[in-house]
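Keep in mind that this is a model prediction, so the values were computed, not measured. Throughout, residue positions are numbered sequentially from 1 according to the sequence presented.
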Amino acid sequence: MEVQRKERILVVDDEASIRRILETRLSMIGYDVVTASDGEEALDAFHKQDPDLVVLDVMMPKLDGYGVCQELRKESDIPIIMLTALGDVADRITGLELGADDYVVKPFSPKELEARIRSVLRRVARAAHEGIPSSGVIQVGDIRIDTNKRQVYKRDDRIRLTGMEFSLLELLVSRSGEAFSRSEILQEVWGYTPERHVDTRVVDVHISRLRAKLEDDPSNPELILTARGTGYLFQRIIQGDE
């Protein structure tokens, strides 16, 4: 009988105590854990170990977390959760703008990080689709969304989305024309309830990234619309003879 491969987590942090704690705790709940102590080691481990998710500290020697995130996004859609001790909200948002899927602020509860990891991996791997045509393909103008292959094309060019970006797009498309609040999106896609107002900025940055990739004019979006006073919605999709 084939043994199912454990999901592999790459933990990148220059603090040995944090690496040890996370390696122990994540191993105890069933993950295969590999670690790196700086950005260069992280990229080397990524190529050698083929992880399923990266937990990435921002402040590191040789190459910081932002640089690692940029390099990973050039070649991979792997989920990335940033660890940041920075107090400035703008610094946290920078990681999201570079392609991270979520962030956790130091000092953090290991249980909180574990929950974020489970949520991101579950969402990225989810195969069930609600409100999607049986073919799994939706065409909206020049945009073609294949929910079975989790791929998006603009005209004939494939648009690279991260797993969380696709999950966000999938949620909005599956209930097109329906407005979602930022808190609802955070619960549906990221799997947790915002404890602070700033948590919802994760949603805003991902919406901005999606618009930049899909819209002809991101400053005047026609697909992903802002519901004033509420949140966001995808333009209503007319199916068949509606």
Side-chain angles (χ1 to χ4, degrees), residues 1-58 60 65 68-69 71-73 75-85 92 95-96 99-130 147-150 161-168 170-171 185-195 199 202-203 206:
M1 184 174 67
E2 183 179 350
V3 178
Q4 186 174 0
R5 172 184 175 273
K6 289 183 179 180
E7 289 174 305
R8 181 169 294 157
I9 310 294
L10 171 58
V11 174
V12 187
D13 199 298
D14 63 334
E15 294 185 51
S17 59
I18 290 180
R19 294 198 305 274
R20 283 196 301 269
I21 290 170
L22 293 183
E23 183 173 16
T24 300
R25 291 189 63 112
L26 294 174
S27 297
M28 286 175 61
I29 59 175
Y31 295 113
D32 182 12
V33 182
V34 293
T35 65
S37 60
D38 62 53
E40 292 180 1
E41 275 188 25
L43 293 177
D44 187 53
F46 170 78
H47 290 115
K48 291 180 178 178
Q49 300 292 340
D50 189 27
D52 298 290
L53 180 144
V54 178
V55 176
L56 180 61
D57 187 32
V58 171
M60 293 186 299
V68 174
C69 188
E71 290 301 311
L72 291 179
R73 281 292 171 255
E75 58 181 295
S76 173
D77 303 330
I78 187 170
I80 299 172
I81 297 178
M82 303 284 288
L83 300 179
T84 174
R92 302 180 206 166
L96 297 172
D101 295 287
D102 204 354
Y103 68 81
V104 175
V105 179
K106 290 181 175 180
F108 60 89
S109 158
K111 284 188 176 181
E112 178 188 9
L113 179 60
E114 290 161 16
R116 299 283 183 95
I117 289 171
R118 281 194 298 269
S119 178
V120 170
L121 288 174
R122 182 171 60 245
R123 171 58 62 174
V124 170
R126 196 184 65 145
H129 306 288
E130 183 179 313
T147 61
N148 293 326
K149 296 180 179 178
R150 293 178 68 83
L161 300 185
T162 68
M164 298 303 279
E165 286 172 348
F166 189 92
S167 293
L168 172 56
E170 181 183 39
L171 172 68
I185 292 173
L186 203 59
Q187 291 177 61
E188 290 282 341
V189 177
W190 279 265
Y192 63 87
T193 302
E195 296 179 4
D199 287 342
V202 173
V203 175
H206 275 72

What are the two closest heavy atoms between Val54 and Pro51, and how far apart are they? CG2-CG, 4.4 Å
Is there a side-chain contact (heavy atoms from CB on, under 4.5 Å) between Leu22 and Ile9? Walk through the geometry before answering. CA-CA 10 Å; Leu22 293 183; Ile9 310 294; over 6 Å; no
For Glu40, the salt bridge (Lys or Arg N to Asp or Glu O under 4.0 Å) test, sequence neighbours excluded, returns none
Would you give the length of the straight line joining atom CD1 of Ile21 to atom CZ of Arg25, rounded to the nearest 0.5 angstrom? 8.5 Å
Distance under 6.0 Å and angle within 45° of the ring axis: does Arg116 meet both against Tyr192? yes
Is any side-chain heavy atom of Phe108 less than 4.5 Å from a side-chain heavy atom of Leu83? yes
Salt bridge (Lys or Arg N to Asp or Glu O under 4.0 Å) filter on Glu23, not counting sequence neighbours, yields none
I'd like to know if Asp32 and Arg8 make a salt bridge, using a cut-off of under 4.0 Å between side-chain N and carboxylate O. yes
Do Met164 and Asp102 have side chains that approach each other closer than 4.5 Å (heavy atoms only, starting at C-beta)? no
Minimal heavy-atom distance between Val12 and Asp38, with the atoms involved, is CG1-O, 3.9 Å
Any side-chain to backbone donor/acceptor pair from Ser119 onto Ala115? Under 3.5 Å, distance only. no
Can you spot which of Leu10, Val120, Leu26 makes a side chain to side chain contact (heavy atoms under 4.5 Å, CB included) with Leu53? Val120
If every non-hydrogen atom of Val68 is compared with every non-hydrogen atom of Ala42, which pair is closest and at what distance? CG1-CB, 4.3 Å
Can you tell me how far the CZ atom of Arg19 sits from the CG atom of Asp57, to the nearest 0.5 Å? 10.5 Å
Taking all atoms of both residues into account, what is the closest heavy-atom pair of Asp77 and Thr162, and its distance? CB-CA, 4.1 Å
Is the side chain of Arg73 donor-acceptor paired with the backbone N or O of Ile78 at a distance under 3.5 Å, no angle test? yes
Min side-chain heavy-atom separation Glu75-His47 under 4.5 Å: yes
Thr147 (side chain) donor-acceptor with Arg150 (main chain) under 3.5 angstrom: no
Checking the side chain of Asp101 only, and the main-chain atoms of Ile80 only, is there a donor and an acceptor separated by less than 3.5 Å? yes
Do Glu41 and Phe46 have side chains that get closer than 4.5 Å, going by heavy atoms? no
With Asp14 via salt bridge (Lys or Arg N to Asp or Glu O under 4.0 Å) - residues at least two apart: none
I'd like to know whether Ile117 forms a side-chain contact (heavy atoms from CB on, under 4.5 Å) with Val55, so could you lay out the CA-CA distance, the side-chain angles of the two residues, the decisive distance to 0.1 Å, and finally the verdict. CA-CA 9 Å; Ile117 289 171; Val55 176; 3.9 Å; yes
Are Val104 and Met82 side-chain neighbours, meaning at least one heavy-atom pair lies under 4.5 Å? no
Value rounded to 0.5 Å, distance of CG in Leu72 from CG in Leu43: 5.5 Å
Give a yes or no on whether a salt bridge exists between Glu7 and Arg122, defined as a side-chain N under 4.0 angstrom from a carboxylate O. no
Please report the interatomic distance CG(Leu161) to NE2(His206), rounded to the nearest 0.5 Å. 10.5 Å
Take Val11 and Val34 through the test side-chain contact (heavy atoms from CB on, under 4.5 Å) and record every step on the way to the result. CA-CA 6 Å; Val11 174; Val34 293; over 6 Å; no
Nearest-0.5 Å distance that lies between atom CD1 in Ile18 and atom OG in Ser37: 13.0 Å
On a heavy-atom basis, which atom in Arg118 and which in Tyr31 lie closest, and how many Å separate them? CG-OH, 3.3 Å
Please give me the minimum heavy-atom distance between Thr84 and Tyr103, naming the atom from each residue. CG2-CD1, 4.3 Å
Note: Lys106-Asp13 ion pair, threshold 4.0 Å (strictly below): yes
Drop me the distance from Glu114's CD to Met28's CE, to the nearest 0.5 angstrom. 9.0 Å
